Structures are given as structure tokens and as C-alpha cells.
Q: 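This is the structure, below, for whatever I ask next.
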Amino acid sequence: MTHDAIILGAGGAGLLAAATAGKAGARVLVVDHADEPGRKILISGGGRCNFTNMNVEPRCFLSDNPHFMKSALKRYTQWDFLSLVDRYRIAWHEKTLGQLFCDGSARQIVDMLLDECKRGSVEIRLSTSIGTIGHRDGLYHVGRASAPNLVIATGGPSIPKMGATGVAFEIAERFGLRLVTPRPALVPLTLGRDESLFKDISGVACPSIARVRDVSFAEATLFTHKGLSGPAILQVSSYWKPGETIALSLVDDAAEKLKAAKRRMPKAGLKAALSELLPNRLADALAARIGFEKKLGDAADAELERAAEHLSALTFRPSGTEGYAKAEVTAGGIDTADLSSKTMEAKAVPGLYAVGEAVDVTGWLGGYNFQWAWASGVAAGKAI
Ligand code: FDA
């Protein structure tokens, strides 16, 4: 045996797992096919890495088992990661909704993780393909390396052009672990031809509440030439299933606001009233969609209330998503039923671990996915 643990993937989860195990004395090898570690960290948060969130709670994560993530998140919290960031004197700020970003660059987070790995004498082999994994006599064999512990930390297939692959799922299945069907999440939604009206307002963004079933998010919606995007839509996309309708509330108390506009400017039409509440191009498109021809002063309050319903619950049935090419994360993945929630070790395969995005735990937008990568990585790193 050449090492105590081989970690597949030098992303956030793999590097922190490696550093944790290495600093505790394990001989750790990290293997990655990319030519640099932590590529997704480098591009995250617009280059500033939204590395965690102050409001981490289990309800901010999706999984077939909504309890699975609790143990790891409790044992390695956002405050633990923040104290690591502080120890490295990386300046940070809260942007909005508890989201913490570097003041400088995401590279500081990668450098910090690499420094932690160095302190744990972790060996990192880049530009190295995993090849066929052997499993004999209690040891896992990757290339010429062998170890009693193997950690799957290769993430999910979202953004393949960055080197993301579904190899985690192939390895898991090979060792008999089940999968929850993977799907793109935190992903823009596409609209069919019947919604062509909104193609004209591509690029317009506005505050909104987006809802699917009983889940809603109050953030911005962005209209795109393919459909809908922006944080509110990315958030609901993780919950959306094909065929379901999404409702957008674009104006609070819309009925009251239209009635007030009727009193103030009875000669104006709906378009003029809407342009006081929404970006002009969106107001034009919505007025056309609602098809309200009268002057406000000629409309009964009940008619204004009906028009207002479109503003507080504009409904769309997306035709699909923009897929893994544009998905910030992969939802689904290695079934948590086959893993220990304390150590991330496979229940039926001693020494095999899975961490990070490869596992069926997906966070909301806003630093939650990295917190899961850190927490699950530390859980496995401590157990090795
Ligand atoms: P990750 O994907 O980071 O690492 C996997 C590693 O495995 C990679 O280094 C890859 O090269 C390697 N690998 C894959 N296949 C391989 C193979 N076949 N052979 C060898 N190596 C292989 N989250 C958040 O909390 N805050 C944020 O600001 C953002 N921003 C963001 C922006 C963008 C554009 C994206 C795409 C994603 C985000 N995310 C995010 C999500 C976040 O990046 C993601 O959840 C974590 O990086 C997951 O960490 P992992 O270590 O599990 O996988």
C-alpha cells in the first residue's frame, strides 16, 4: 500500500477532505484530470467565491433524505470555515441574504486549501486520469497507487466544459451504490414558442417572488432570449419538475397599486401604470400579454383586480432547462441511503467514501453548496 487514502477530485470537497486527513497524519494522494485544482472555486461567485452562508440550515438543502446532511453540517459549520478563512487573513464581506464572499479573489480560497494540504503533506497529482479502479485484498488501486480508503470527490456533470464528468456515478455504481437520478439544478429555464412575447425583453431583470408548488424565493428574475433566469428562477429550478408551472409575482399589492394609479391618472392606460412599477420594456410586454385596452379611469375596480392577478401570479410552464451546460450544480447523485451521515463512508463497502456534489445533497444558491462540500469533506477526512 502506497497511501492511507486516495481522493479522486481536487475540488473543494476533495481538497478539504485531503487536508483534514493529512493533518491528522494520514498519507493522502489526490488525483484529478484537470491541470489545476479547484477550478469551480476559481470561477465561483463571479471570481470572488461565495464560500459559505451565515444562515445554513438543513431546509436550504435538497435530498431524497432531508435529514442526511444535518450531522455533517452540524459538526463542521459555516463558522468553522469562516474561522479558517480568518486564520488565513482573507478579507470577506456579506453581500446579501447571508452570502459571504472574498473581498479579493476566489484564488485566495484555493491557495488556502492548497496550503492546508501542504501542512498535511498531501500529494496532489494533476492532469492524471483515474483509469480503472481495482479493489483487491482490502485495498483500492488507482494507477500505481493503492490505499485502504478511496474518496469519491469528483463532483457532478454540471458545466462539462470545465472538466466536470459523471465519473462519480460510474464508480459508485460499480461498487454497488445506488443513484438518485441526477438532474441539472440551479439552472435557467427555457420557455416554449407560446411565450415568444418575452423574447423581446431579453436582458430585463426585476425583483420577483418565484414559486413552484409550495416553494418560493424572493429574488431577481432575469428574462432571457431562451426563457427565464436570475437567482429566483435558479432557486426554483432545483425544485421544478417537467410539466409543472412556475408562478412569478412581479408587483406586491398590485391591485391596490393599480387602483391608486386609476385615481391619480384616470386617462392613462395600463402600460403607463405598469411602467411606474416595472422596467419599461417589461411593462410594455406585460400590458400586451394582459391585453387590457381601457383607460384606467374607465375600468371597474374588479377589472383592475383581475389585471393585477397577472402581476402577482404570472404563470409559465417551462419547456425544460438549459441543461448541464448551464447548471451551477447537479441535483440527485449517490444515494444517501447507502452512506453513513457521520463519515460519508459507504455502508456496505468498507473504506469507500463519497463527498460533495457527487452525493444526493444539493444546496440553495448562496454559498450552501460550498458549505456542503466543506462539511462532507471534513466528515470523510476525519474518518480516514
Ligand atoms: P467539484 O466539481 O468542485 O470538484 C470535482 C473535481 O473532480 C474537479 O477538480 C474535477 O476536475 C475532478 N474530476 C471530475 N471528473 C474527473 C475525472 N473523470 N477524472 C479525474 N478528475 C475528475 N457554490 C457555492 O456555494 N457558491 C458559489 O459561489 C458557487 N458558484 C458557482 C459558480 C459556477 C459557475 C458553478 C458551475 C458552480 C458554482 N457553485 C457555487 C457550486 C460549487 O462550485 C460546487 O457545488 C462545488 O464546487 C462542488 O464541490 P466538489 O468538490 O464536490 O466538486
Side-chain angles (χ1 to χ4, degrees), residues 6-19 29-53 56 60-62 78 81 92 95-102 106 109-110 113-114 124-133 142-143 151-171 184-188 231 234 238 322 324-331 333-334 344 353-378 380-381:
I6 301 171
I7 297 185
L8 307 176
L15 290 176
L16 201 50
L29 169 69
V30 179
V31 177
D32 198 304
H33 66 170
D35 56 5
E36 64 178 336
R39 285 182 76 187
K40 277 199 184 163
I41 300 174
L42 293 173
I43 58 151
S44 68
R48 291 223 159 91
C49 187
N50 177 194
F51 54 80
T52 193
N53 193 294
V56 171
C60 309
F61 296 84
L62 293 84
Q78 65 273 43
F81 191 76
W92 53 269
K95 198 167 171 188
T96 172
L97 302 169
Q99 301 168 3
L100 304 188
F101 286 76
C102 299
I109 298 292
V110 175
L113 294 170
L114 292 177
I124 301 178
R125 285 187 201 154
L126 299 171
S127 307
T128 303
S129 62
I130 295 169
T132 310
I133 298 169
V142 178
V151 182
I152 305 171
T154 47
S158 48
I159 322 273
K161 75 167 191 255
M162 297 207 54
T165 70
V167 75
F169 307 147
E170 290 162 29
I171 299 169
L186 297 180
V187 62
L234 297 184
S238 300
E322 289 196 37
Y324 286 121
K326 291 285 164 64
E328 204 159 288
V329 287
T330 303
I334 298 171
M344 306 295 136
Y353 296 77
V355 295
E357 196 176 318
V359 177
D360 172 35
V361 173
T362 306
W364 287 357
L365 189 77
Y368 299 96
N369 284 298
F370 277 134
Q371 187 57 38
W372 169 246
W374 316 137
S376 57
V378 168

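Each ligand, and each atom within it, is numbered from 1 in the order the structure gives. Please read these numbers as outputs of a predicted model, since none were measured by experiment. Hydrogens, waters and symmetry mates play no part in the numbers below; they use all other heavy atoms, side chains included.
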Q: Testing the basics here: between L186 and G363, what is the closest heavy-atom pair and its distance to 0.1 Å?
A: CD1-O, 4.0 Å
Q: At under 4.0 Å between heavy atoms, is it the side chain or the backbone of A10 that contacts ligand 1, or both, or neither?
A: backbone
Q: Do me a favour and list the nearest non-hydrogen protein atom to atom 26 (N) of ligand 1 with residue, atom name and distance?
A: N50 O, 2.9 Å
Q: Taking the minimum heavy-atom distance to atom 49 (O) of ligand 1, which of G47, G377, G155, A373 ranks first?
A: A373
Q: Tell me: protein heavy atom nearest atom 14 (C) of ligand 1, and distance?
A: T154 O, 3.5 Å
Q: With atoms numbered from 1 as shown, which atoms in ligand 1 lie under 4.0 angstrom from a non-hydrogen atom of G163?
A: 14 (C), 15 (N)
Q: Name the option, out of T165, I41, I7, that contains the heavy atom nearest to atom 15 (N) of ligand 1.
A: T165
Q: Show me which atoms of ligand 1 lie under 4.0 Å from any heavy atom of N369.
A: 23 (N), 25 (O), 45 (O)
Q: Distance under 4.0 Å to a non-hydrogen atom of G11: what atoms of ligand 1 satisfy this?
A: 3 (O), 4 (O), 6 (C), 9 (O), 51 (O)
Q: Do me a favour and list the nearest non-hydrogen protein atom to atom 34 (C) of ligand 1 with residue, atom name and distance?
A: I43 CD1, 3.3 Å
Q: Is S129 near ligand 1, meaning one of its heavy atoms is under 4.0 Å from it?
A: no
Q: Under the 3.5 angstrom rule, does the side chain of E357 hit a backbone N or O of T330 as a donor-acceptor pair?
A: yes
Q: Can you sort out which atoms of ligand 1 are near G9, meaning under 4.0 Å from one of its heavy atoms?
A: 6 (C), 7 (O)
Q: A side-chain contact here means heavy atoms from C-beta on lying under 4.5 Å apart; do P188 and L234 qualify?
A: yes
Q: With heavy-atom distances below 4.0 Å as the criterion, list the atoms of ligand 1 near G356.
A: 52 (O)
Q: Please examine the side chains of E328 and N369, heavy atoms only from C-beta on, and report whether any two atoms are closer than 4.5 Å.
A: no
Q: Under 4.0 Å from a heavy atom of I159: give me the atoms of ligand 1 that qualify, with their elements.
A: 36 (C)
Q: Mind checking whether I133 and L8 have side chains closer than 4.5 Å, heavy atoms only?
A: yes
Q: Within the structure provided, determine whether L126 and D32 are in side-chain contact (heavy-atom separation under 4.5 Å).
A: yes
Q: Which atoms of ligand 1 are found less than 4.0 Å from any heavy atom of V329?
A: 41 (C), 45 (O)
Q: Any N or O on E357 sitting closer than 3.5 Å to an N or O of ligand 1?
A: yes
Q: Is there side-chain contact between H33 and T165, with at least one heavy-atom pair below 4.5 Å?
A: yes
Q: Would you give the length of the straight line joining atom CD1 of I334 to atom OH of Y353, rounded to the nearest 0.5 angstrom?
A: 14.5 Å
Q: Got an N/O contact under 3.5 Å between G45 and ligand 1?
A: yes
Q: Heavy atom under 4.0 Å from ligand 1: found in Y368's side chain, backbone, both, or neither?
A: backbone
Q: Does the side-chain contact (heavy atoms from CB on, under 4.5 Å) test come out yes or no for I41 and F51, once each step is laid out?
A: CA-CA 8 Å; I41 300 174; F51 54 80; over 6 Å; no
Q: Taking C-beta and beyond as the side chain, do C102 and I109 meet within less than 4.5 Å on heavy atoms?
A: yes
Q: Any idea which part of P37 is under 4.0 Å from ligand 1, heavy-atom wise: side chain, backbone, both or neither?
A: neither
Q: Are any of the heavy atoms in G367 under 4.0 Å away from ligand 1?
A: yes
Q: To the nearest 0.1 Å, how far is atom 29 (C) of ligand 1 from its closest protein heavy atom, and which atom is that?
A: S44 CB, 3.6 Å
Q: Applying side-chain contact (heavy atoms from CB on, under 4.5 Å) between I124 and each of L114, V31, L29, report the one that passes.
A: L114
Q: To the nearest 0.1 Å, how far is atom 33 (C) of ligand 1 from its closest protein heavy atom, and which atom is that?
A: E328 CG, 3.7 Å
Q: Any atoms of ligand 1 less than 4.0 Å from a non-hydrogen atom of A34? List them with their elements.
A: 11 (O)
Q: Using a 3.5 Å distance criterion without hydrogens, assess whether the side chain of N50 forms a donor-acceptor pair with backbone atoms of Q99.
A: no
Q: Would H33 count as being in polar contact with ligand 1, using the rule that some N or O on each side must be under 3.5 angstrom apart?
A: yes
Q: Return yes or no for this condition: an N or O of A13 is under 3.5 Å from an N or O of ligand 1.
A: yes
Q: Taking W372 for its side chain and G356 for its backbone only, find out whether a donor-acceptor pair lies under 3.5 Å.
A: yes
Q: Name the orientation class of the two ring planes belonging to W374 and F370 (parallel below 30°, tilted from 30 to 60°, perpendicular beyond 60°).
A: parallel
Q: To the nearest 0.1 Å, how far is atom 6 (C) of ligand 1 from its closest protein heavy atom, and which atom is that?
A: D32 OD2, 3.5 Å
Q: With respect to F370, determine whether any N or O atom, backbone or side chain, lies less than 3.5 Å from an N or O atom of ligand 1.
A: yes
Q: Does any N or O atom in G12 lie less than 3.5 angstrom from one in ligand 1, N or O only?
A: yes
